[in-house]
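Notes follow once the structure below has been shown.
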There are 2 protein chains.
Amino acid sequence: MPDGAPVTAVEETYTISQLAEAFELTPRTIRYYEDEGLLAPRREGQQRVYTHRDWARLKLIMRGKRLGFTIAGIKDFLDLYEVGDAQVPQMRFLLNSARDRIAILEQQLRDVQQTLVDLKEIEGLVVDHLARKGALDA
Amino acid sequence: MPDGAPVTAVEETYTISQLAEAFELTPRTIRYYEDEGLLAPRREGQQRVYTHRDWARLKLIMRGKRLGFTIAGIKDFLDLYEVGDAQVPQMRFLLNSARDRIAILEQQLRDVQQTLVDLKEIEGLVVDHLARKGALDA
DNA sequence: CCTTACGTTTACGTAAACGTAAGGTCAGGG
DNA sequence: CCCTGACCTTACGTTTACGTAAACGTAAGG
């Protein structure tokens, strides 16, 4: 390894449409997330330059969306990942937020599991019914 | 048991505001669900009369909302519980719907679990940080 | 130099899920 | 008889999460 060489290479970057395609979003949506404070890409001239960090945040955003959270809710959630250098009062606040969120998720976990049980029972009933009618081919 | 007496007593009913209070909704919201076809209460004059069945459906509606489903999505979901007397093509359709929904829920299950892991790790970090500052009292 | 492609801002449009106000109905009580 | 309370309908307003159109900048290629 050459002396003085940066440990992380030039750091790969992405354009807005690259991100958009990767996550199946529109550029409009990504800019909207920026307006709402979920992303803060660097600028090169007027163009946005996204890094691996933005990629990771977008992954979290998509997960939050699948869980039905609002954009504002996702923003709060993302802030939790930024524990870095907070002061004690801010830390306490983060702790409470995290615990609130955990409680919600645990409820959601129960809901998902129960709904899966229900749906699989329905699936069984339907399959049964179709079998009795001899209509269970393709 | 008197001969000819109905097995189920007079069947308990609810007014719209009773339901609203029980589920922490407004009457407006419950009427809206009716507009969207999620509920179809009997009428007595102009007043809506809700039964135990409506109560059960509302429970499912609330669960769907906690899972982040849209009203239309919840309606489709509720229809799955009405497997009763469907014909074969309808049955096939229901089966597909149920299986699609199951796939979504299984993804959601993974998302919830992963998010819980993340958040609990964050919680641990924060607690640690606070402990090191000797600020872990209240 | 002109077009094409991709980016930008600004701003109005829209669907979903209700909130909220206005006004009407009807049973029970004083 | 009138009032109150709880219900009703109609309809416009509001927030969220983007879509979409207009108008412009800029770098690459023919």
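So you know, we letter chains A, B, ... as the sequences are listed, proteins then strands, and number each from 1.
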State whether the side chain of Q108(B) and the backbone N or O of L67(B) hold a donor-acceptor pair below 3.5 Å, judged by distance alone.
-> yes

Is the gap between the ring centers of W55(B) and Y14(B) under 6.0 Å?
-> yes

Inter- and intrachain pairs under salt bridge (charged side-chain N to carboxylate O under 4.0 Å, His left out), touching residues 96-105 of chain B, at least two apart | E123(A)-R99(B)

Residue of the set V127(B), V126(B), D128(B) for which side chain to side chain contact (heavy atoms under 4.5 Å, CB included) holds with L130(B) = V126(B)

Results of salt bridge (Lys or Arg N to Asp or Glu O under 4.0 Å) for [X] - residues two or more places apart only:
| X | result |
| --- | --- |
| R66(A) | D111(B) |
| K65(B) | none |
| R53(B) | E82(B) |

Give me the first and last nucleotide of DNA chain C, going 5' to 3', that has any atom under 4.0 Å from a heavy atom of chain B.
-> dA17(C) to dT25(C)

Contact residues, residues 40-78 of chain A to DNA chain D [heavy atom, < 4.0 Å] | K65(A), T70(A), I71(A)

Got a sec? Which of residues 16-28 of chain A come in under 4.0 Å of DNA chain D, heavy atoms?
-> T26(A), R28(A)

For Q46(A), side chain to side chain contact (heavy atoms under 4.5 Å, CB included) partners two or more places apart = none

Verify salt bridge (Lys or Arg N to Asp or Glu O under 4.0 Å) between E106(B) and K120(A), making sure each step is shown before the conclusion.
-> CA-CA 12 Å; E106(B) 282 174 342; K120(A) 285 179 177 172; 3.2 Å; yes

For F69(A), enumerate each residue passing the ring pair (Phe, Tyr, Trp, His ring centres under 6.0 Å) test, keeping only those at least two apart in sequence or located in another chain.
-> none

How would DNA chain C look in dot-bracket form, 5' to 3', counting Watson-Crick and G-U wobble pairs with both distances under 3.5 Å and writing | for bases paired to another strand?
-> ||||||||||||||||||||||||||||||

Listing, residues 71-81 of chain A side-chain donor-acceptor contacts under 3.5 Å, not counting sequence neighbours, or none:
from: Y81(A); atom 1: OH; to: R63(A); atom 2: NH2; distance (Å): 3.4
from: Y81(A); atom 1: OH; to: D118(B); atom 2: OD2; distance (Å): 2.6

Could you tabulate the donor-acceptor pairs under 3.5 Å formed by side-chain atoms of residues 22-30 of chain A, not counting sequence neighbours?
from: T26(A); atom 1: OG1; to: T29(A); atom 2: N; distance (Å): 3.1
from: T26(A); atom 1: OG1; to: T29(A); atom 2: OG1; distance (Å): 3.0

